[in-house]
Amino acid sequence: MRNGYSGPQILLHWLIVTLVPVQYLTGGSIERVHQAVHMGMVPSRLALLEHTVHNYCGMSIGAIMAVRLVLRLLRPGVLPANPSLADRAARLLYLGFYAAIIAQASLGFIASYIWFGIATVHVAGAWLILAMVGMHVAAAFWHGLIKKDDVLDRMLPARRAAEE
Ligand code: HEM
Ligand code: HEM
C-alpha cells in the first residue's frame with residue numbers, strides 16, 4: 001500500500017476506473033433484451049449492442065483485475081510502522097475490491113452462459129461495488145482536498161515520477 005505502485009499497476013487502476021462505469025451504463029439493457037425475447041419481439045439493436053459490450057467489457061474487467069491481483073501479490077507494499085485504523089480500513093477495502101470485482105465478473109459470466117438464476121446475486125454485487133467505489137472516491141478526495149497528503153500522488157504517474 002505504501003511506497004509506490006509500479007507503472008503497470010497505475011495504468012491498470014485507471015483502466016479499471018474507465019471500464020467499470022461502462023458496466024453501470026450498459027447493465028440495464030440485458031433486462032430489456034430478455035423482456036423483448038420473452039414477449040416474442042425482436043430486441044432493439046442498441047440493446048443488443050449494449051448487452052454485448054456489457055459481457056465483453058465485464059470479462060475484460062475480470063481478467064484485468066486478476067492481473068492486478070498477481071501484480072499486487074508480487075509487490076505487496078508495506079503498512080506504515082504504526083498503521084492507523086484508516087490505514088487498516090483502506091487495506092481491507094482494497095482486498096475487498098479484488099474479491100468483489102473478480103467475483104462480480106465470474107457471477108455475470110455464470111448468469112449469462114451457465115445459469116441465469118444467479119443473476120440476482122450479480123445485481124446485488126453491483127450495488128455493493130457501487131458503495132465501495134463511493135467510499136473509496138470519498139476517501140481519495142478527503143486525502144487530496146482536506147488532508148492534502150501524498151495518497152492521491154501514489155496513483156498519479158506524473159507526480160510520482162517528479163518525486164523520484
Ligand atoms: C465487474 C464487472 C461487472 C459489473 C460491475 C456489472 C454490473 C452490472 C449491472 C450494474 C447490471 C444491471 C443490474 C440491474 O439491472 O439493476 C448488470 C446486469 C447483468 N450483467 Fe453485469 N456486470 C459485470 C460483469 C458482467 C459479465 C462479465 C457478464 C457476462 C459475461 C455480466 C452479465 C450480466 C447479466 C446477465 C445481467 C442481467 C441481470 C438481470 O437483469 O437480472 N456482467 N451487471
Ligand atoms: C471503479 C473505481 C475504482 C476501483 C475499482 C478502484 C480500486 C482500487 C484498488 C483495488 C486500489 C488498491 C491498489 C492496491 O493496493 O493494489 C486502489 C488504490 C487507489 N485508488 Fe482506486 N479505484 C477506483 C477509483 C478511483 C478513483 C476515481 C480515484 C481518485 C479519485 C482513485 C484513487 C486511488 C488512489 C489514490 C489509490 C492509492 C491509495 C493508497 O495507496 O493507499 N481510485 N484503487
Side-chain angles (χ1 to χ4, degrees), residues 1-6 8-10 12-35 38 47 50-80 83-84 86-145 147 149-157 159-160:
M1 174 157 90
R2 299 282 185 230
N3 300 338
Y5 296 100
S6 65
Q9 280 177 306
I10 294 176
L12 294 180
H13 173 269
W14 292 110
L15 187 58
I16 289 286
V17 177
T18 322
L19 295 179
V20 166
V22 174
Q23 296 309 96
Y24 287 86
L25 294 173
T26 56
S29 68
I30 300 175
E31 204 182 338
R32 294 203 301 280
V33 170
H34 292 182
Q35 263 176 3
H38 288 149
E50 283 182 34
H51 189 336
T52 308
V53 168
H54 188 87
N55 283 25
Y56 286 100
C57 183
M59 289 188 271
S60 311
I61 289 173
I64 294 168
M65 221 45 200
V67 172
R68 280 191 67 186
L69 182 59
V70 173
L71 293 178
R72 188 67 172 78
L73 294 173
L74 292 173
R75 192 179 168 123
V78 282
L79 272 171
S84 64
D87 287 324
R88 290 183 189 280
R91 203 172 177 118
L92 198 68
L93 185 66
Y94 301 156
L95 257 174
F97 265 131
Y98 288 110
I101 292 184
I102 292 171
Q104 179 71 350
S106 312
L107 287 168
F109 181 88
I110 296 169
S112 267
Y113 303 111
I114 301 172
W115 178 49
F116 190 72
I118 208 152
T120 46
V121 186
H122 183 71
V123 174
W127 285 104
L128 176 69
I129 291 171
L130 201 61
M132 291 167 74
V133 170
M135 284 193 279
H136 180 57
V137 173
F141 279 109
W142 181 70
H143 279 289
L145 299 176
K147 229 180 155 202
D149 58 18
D150 68 338
V151 168
L152 261 180
D153 298 357
R154 292 186 209 146
M155 271 299 167
L156 297 175
R159 288 207 233 165
R160 190 185 69 123

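Just the heavy atoms: all of them, side chains too, but no hydrogens, waters or symmetry mates, feed the values below. Just so you know, these numbers come straight off a predicted model, no measurement behind them. When a ligand or atom number is given, it counts from 1 through the structure's own listing order.
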Self-check item: Ile16 side, atom CD1; Ile64 side, atom CD1 - distance, nearest 0.5 Å
Solution: 4.5 Å

Quiz item: Which N, O or S atoms belonging to the protein are less than 2.8 Å from atom 21 (Fe) of ligand 1?
Solution: His54 NE2, His122 NE2

Quiz item: Just which atoms of ligand 2 are under 4.0 Å from any heavy atom in Val17?
Solution: 3 (C), 23 (C), 24 (C), 25 (C)

Quiz prompt | atom 39 (C) of ligand 1: the protein heavy-atom neighbour that sits closest, reported with distance to 0.1 Å | solution = Phe116 CZ, 3.8 Å

Self-check item: Which atom of Ala105 lies closest to which atom of Gly62, heavy atoms considered
Solution: CB-CA, 3.7 Å

Quiz item: For atom 14 (C) of ligand 1, what is the nearest protein heavy atom, given as residue, atom name and distance?
Solution: Val123 CG1, 4.0 Å

Self-check item: Numbered atoms of ligand 2 (with element) below 4.0 Å of Val20, judged on heavy atoms
Solution: 1 (C)

Quiz prompt | Protein contact to atom 35 (C) of ligand 1 [nearest heavy atom, distance to 0.1 Å] | solution = Ser112 OG, 3.5 Å

Self-check item: Atom indices of ligand 2 within 4.0 angstrom of Arg72 heavy atoms, with elements
Solution: 14 (C), 15 (O), 16 (O)

Quiz item: Applying a 4.0 Å heavy-atom criterion (strictly less than), which segment of Gln9 is in contact with ligand 2: side chain, backbone, both, or neither?
Solution: neither

Exercise. Tell me, with the steps shown, if Asp87 and Ser84 meet side chain to side chain donor-acceptor pair (under 3.5 Å).
Key: CA-CA 5 Å; Asp87 287 324; Ser84 64; 3.2 Å; yes

Practice problem: For atom 38 (C) of ligand 1, find the nearest protein heavy atom and state the residue, atom name and distance (0.1 Å precision). | Solution: Ala119 CB, 3.8 Å

Quiz item: Are the side chains of Trp14 and Met155 in touch, meaning some heavy atoms are under 4.5 Å apart?
Solution: yes

Exercise. Of the side chain and backbone of Tyr24, name the one, both, or neither that has a heavy atom under 4.0 Å from an atom of ligand 2.
Key: neither

Quiz item: Rounded to the nearest 0.5 Å, what separation is found between the NE2 atom of His54 and the CG atom of Leu25?
Solution: 11.0 Å

Quiz item: Backbone N or O of Gly27 within a donor-acceptor pair of the Glu50 side chain at under 3.5 Å?
Solution: no

Quiz item: For ligand 1, which atoms sit closer than 4.0 Å to a heavy atom of Ala105?
Solution: 27 (C)

Exercise. Can you sort out which atoms of ligand 2 are near Ile101, meaning under 4.0 Å from one of its heavy atoms?
Key: 5 (C)

Practice problem: State the atom name: nearest N, O or S atom of His136 to atom 21 (Fe) of ligand 2. | Solution: NE2

Quiz item: So which bit of Arg68 gets within less than 4.0 Å of ligand 2, heavy atoms only: side chain, backbone, both or neither?
Solution: side chain

Quiz item: What atoms of ligand 1 come within less than 4.0 Å of a heavy atom belonging to Tyr113?
Solution: 30 (C)

Exercise. Enter the distance from Ile10:CD1 to His13:NE2 here, rounded to the nearest 0.5 Å.
Key: 9.5 Å

Exercise. Just go through His34, Arg32, Glu31 and tell me whose heavy atom is the nearest to atom 40 (O) of ligand 1.
Key: Glu31

Quiz item: Phe97 and His136: aromatic ring centres closer than 6.0 Å?
Solution: yes

Quiz item: Shortest non-hydrogen contact from Ser29 to His51?
Solution: OG-N, 3.3 Å

Self-check item: Numbered atoms and elements of ligand 2 in range of Arg154, under 4.0 angstrom, heavy atoms
Solution: 39 (C), 40 (O), 41 (O)

Exercise. Check the surroundings of atom OH in Tyr56: do more than 12 heavy atoms from other residues, nucleotides or ligands lie under 6.0 Å from it?
Key: no

Quiz item: Atom OG of Ser106 and atom CD1 of Ile114: how far apart are they, to the nearest 0.5 Å?
Solution: 10.0 Å

Quiz item: How long is the span from the CZ atom in Arg68 to the OH atom in Tyr98, to the nearest 0.5 Å?
Solution: 4.0 Å

Practice problem: Pull out every atom of ligand 2 sitting under 4.0 Å from any heavy atom of Val137, numbered as shown with elements. | Solution: 27 (C)

Quiz item: In this structure, are over 12 heavy atoms from other groups packed under 6.0 Å from Tyr24 atom OH?
Solution: yes

Self-check item: All ring-ring contact (aromatic ring centres under 6.0 Å, His included) counterparts of Phe116, not counting sequence neighbours
Solution: His34

Quiz item: Looking at CG of Leu71 and CG of Leu12, how far apart are the two atoms once the value is rounded to the nearest 0.5 Å?
Solution: 6.5 Å

Quiz item: Which is closest to atom 29 (C) of ligand 2 in terms of heavy atoms, Phe141, Phe97, Trp14?
Solution: Trp14

Exercise. Give the numbers and elements of all ligand 1 atoms closer than 4.0 Å to a heavy atom of Phe109.
Key: 28 (C), 29 (C), 30 (C)

